[in-house]
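The block underneath contains the structure these notes are about, expressed in structure tokens.
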Amino acid sequence: MLNLPIYLDNNATTPIDPAVLNAMMPYLTNQFGNAASRSHSFGWVAEEAVKLAREQVAALTGAHSSEIIFTSGATEAINLAIKGVIEIYADSGKHIITCATEHKAVLDTCKHLEKSGVEITLLPVQHNGIINITDLKKAIRKDTLLITVMYANNETGVLQPIREIGAIAREHNILFFTDATQAVGKIPVHVIEDNIDLLCLSAHKIYGPKGIGALYVRRKNPRVRLSPQIDGGGHEKGLRSGTLNVPGIAALGKAAELCRSQMQEEALRIKKLRDKLEYALVSIGGVTVNGDTAHRLPNVTNLSFSNIKGNQLLTAITKTIAVSSGSACTSANPEPSHVLKAMGIADELAKNSIRFGLGRFTTGEEIEYCIEEVTRILKKLRNV
Ligand SMILES: *Cc1c(COP(=O)(O)O)cnc(C)c1O
């Protein structure tokens, strides 16, 4: 039996995997200790759970467990990475290079720093959503401290040439931070091979709970220093004070472990369904794929629908299928998404763009339904 509505908004958030819930349950109930309590077994048990989770997150990203700092999510990790670098290395530069299609957490953090004299270069993207490496090289200055370019875009799934960007940053002694919130768990990510100095991830994008994430901070070649953004008891090596969210951390660890063991198989299965959906909808005509289809996450397709008035399409589809528009908001007068805009997609078309984000629990039956339903609605709205 098909349960409606169907959830195809896995880039916004994912449901919790039952195995993840099981892994966090003890720490929400009888194992409630504070991981910083050194004098009794409640504390030791919690500390042990945190230790395991740190290893599981490290294993998923090619990091060492001592390089993982737990945060409340990717947004906090992004703030810590960017502000932390800018503050601690203030004497050696004040320039950041980033990209027009970044998540708002990166763009707004940069905007905030601009007010205090930090200079930002916003790299444009090509029509396919990928930056031009020549633009990046040209943007580098003597006082460039940080390059921050996302691994995979949350709206289109487009992958940036991370390894190449990392190599360029290394060559110029510039730190490289990547927001890998959408990439981690879906495709192989390796901080050493990809020349990454700082990387963020979030549990609720990989079948874990909301409110927990992590920042990878490289400890050698080079050793990256950060200025903490939250001061207090000196947790997480003084980089992020505050009593550890042990249930959340245990859950993130389990989520990472599941991704690591299932990624290859899962990505193949999901990609097949995504490709089927995309092929069927594009075949209708007047439907185009946004973003590079060769360098893309396996689970998402962002489609623009022509010859549709206003917001009718999204309104009709979301009666039974939970998807989101490329638009940043759903108010009466939606602004077209800054991502699609940066890719040079016209406002009218951008407003009629929909992101389909498949996930671990998406079934073939659901995709069949989605194809039929979107086809039916499209024909109706186009009066054909
Ligand atoms: C979801 C997301 C974020 C924000 O993550 P939170 O953990 O919700 O703060 C940042 N960047 C990207 C690319 C995302 O998809």
Side-chain angles (χ1 to χ4, degrees), residues 1-15 127-129 153-158 268-294 296-384:
M1 256 305 285
L2 195 61
N3 276 324
L4 296 181
I6 290 165
Y7 190 72
L8 286 181
D9 206 7
N10 285 280
N11 288 44
T13 195
T14 51
H127 186 56
N128 63 5
N153 186 270
N154 45 301
E155 290 187 27
T156 59
V158 167
L268 269 177
R269 186 188 74 85
I270 293 176
K271 183 178 182 297
K272 261 191 202 153
L273 292 178
R274 189 275 313 270
D275 289 346
K276 180 177 175 180
L277 172 67
E278 183 173 280
Y279 182 81
L281 297 185
V282 168
S283 303
I284 298 170
V287 181
T288 48
V289 182
N290 294 316
D292 195 285
T293 52
R296 191 168 52 148
L297 290 175
N299 77 305
V300 56
T301 178
N302 186 307
L303 301 175
S304 284
F305 298 84
S306 60
N307 305 320
I308 301 281
K309 280 199 209 79
N311 227 8
Q312 291 174 317
L313 184 62
L314 189 71
T315 309
I317 290 178
T318 49
K319 287 198 168 84
T320 54
I321 307 167
V323 286
S324 71
S325 156
S327 316
C329 67
T330 48
S331 64
N333 185 18
E335 277 295 302
S337 126
H338 74 281
V339 173
L340 299 184
K341 228 179 151 104
M343 290 161 65
I345 293 161
D347 282 9
E348 260 325 296
L349 206 52
K351 281 182 187 173
N352 272 311
S353 298
I354 291 177
R355 172 183 70 184
F356 298 86
L358 289 67
R360 181 172 295 165
F361 303 106
T362 305
T363 66
E365 202 186 5
E366 288 177 329
I367 292 304
E368 300 268 357
Y369 176 89
C370 185
I371 291 169
E372 278 173 32
E373 188 62 4
V374 176
T375 306
R376 184 185 69 78
I377 292 167
L378 208 54
K379 283 188 176 151
K380 193 169 139 205
L381 292 179
R382 283 177 175 166
N383 290 316
V384 292

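None of these values were measured; they are calculated from a predicted model. Note that these values count all heavy atoms, side chains included, but never hydrogens, waters or copies made by symmetry.
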From N128 atom CG to R296 atom CZ, the distance as rounded to the nearest 0.5 Å: 11.5 Å

- request: Determine the minimum heavy-atom distance between T362 and R269, stating which atoms define it.
  value: O-NH1, 2.9 Å

message: Under the criterion side chain to side chain contact (heavy atoms under 4.5 Å, CB included), I'd like the reasoning laid out for F305 against L381: C-alpha separation, chi angles, the key distance, then a yes or no.
response: CA-CA 11 Å; F305 298 84; L381 292 179; over 6 Å; no

query: Do the side chains of E278 and L303 get nearer than 4.5 Å, heavy atoms only?
result: yes

message: Run N352 and K309 through side chain to side chain contact (heavy atoms under 4.5 Å, CB included) and show every step you take.
response: CA-CA 8 Å; N352 272 311; K309 280 199 209 79; over 6 Å; no

message: Nearest 0.5 Å, please: how far is CD in E155 from NE2 in H338?
response: 6.0 Å

Value rounded to 0.5 Å, distance of NZ in K351 from NZ in K341: 8.5 Å

task: Apply the side-chain contact (heavy atoms from CB on, under 4.5 Å) test between S353 and each candidate in L314, L340, V339; give the one that qualifies.
output: L340

task: Evaluate the side-chain proximity of D347 to E335: yes if any heavy-atom separation is below 4.5 Å, no if none is.
output: no

message: Between N299 and R274, is the side chain to side chain contact (heavy atoms under 4.5 Å, CB included) condition met? List the steps.
response: CA-CA 6 Å; N299 77 305; R274 189 275 313 270; 5.9 Å; no

message: Less than 4.5 Å apart, side chain to side chain, heavy atoms only: is that true for T156 and V300?
response: no

query: What's the spacing between L358 CG and E366 CD if we round to 0.5 Å?
result: 9.0 Å

task: Starting at CD1 of I354, measure out to CD1 of I308 and round the result to the nearest 0.5 Å.
output: 8.5 Å

- request: List for me each residue that meets side-chain contact (heavy atoms from CB on, under 4.5 Å) alongside D275, sequence neighbours excluded, and say none if there are none.
  value: K271

- prompt: For G291 and V158, which heavy atoms make the closest approach, and how far apart are they?
  reply: CA-CG2, 3.6 Å

message: Does any part of the side chain of Y369, heavy atoms only, come nearer than 4.5 Å to the side chain of I321, both counted from C-beta?
response: yes

message: Between N290 and S304, do the side chains contain a donor N or O and an acceptor N or O under 3.5 Å apart?
response: yes

- prompt: If you look at every heavy atom in L273 and T363, which pair is closest and at what distance?
  reply: CD1-C, 4.1 Å

query: From S325 OG over to L313 CG, what is the distance, rounded to the nearest 0.5 angstrom?
result: 9.5 Å

task: Find out whether E373 and I6 are in side-chain contact, i.e. whether some heavy atom of one side chain is under 4.5 Å from a heavy atom of the other.
output: no

message: Using modelled atom types and a 3.5 Å cut-off, is there a donor and acceptor pairing between side-chain atoms of S283 and backbone atoms of Y279?
response: yes

- line: Heavy-atom nearest pair, F356 first then L281, reads CZ-CD1, 4.1 Å

field: Minimum side-chain heavy-atom gap I367-L8 below 4.5 Å
entry: yes

message: The criterion is side-chain contact (heavy atoms from CB on, under 4.5 Å); which residues satisfy it with N307, sequence neighbours excluded?
response: R382

task: Answer yes or no: is there a side-chain heavy-atom contact under 4.5 Å between P15 and N10?
output: yes

- prompt: Does some side-chain heavy atom of N154 sit less than 4.5 Å from a side-chain heavy atom of R355?
  reply: yes

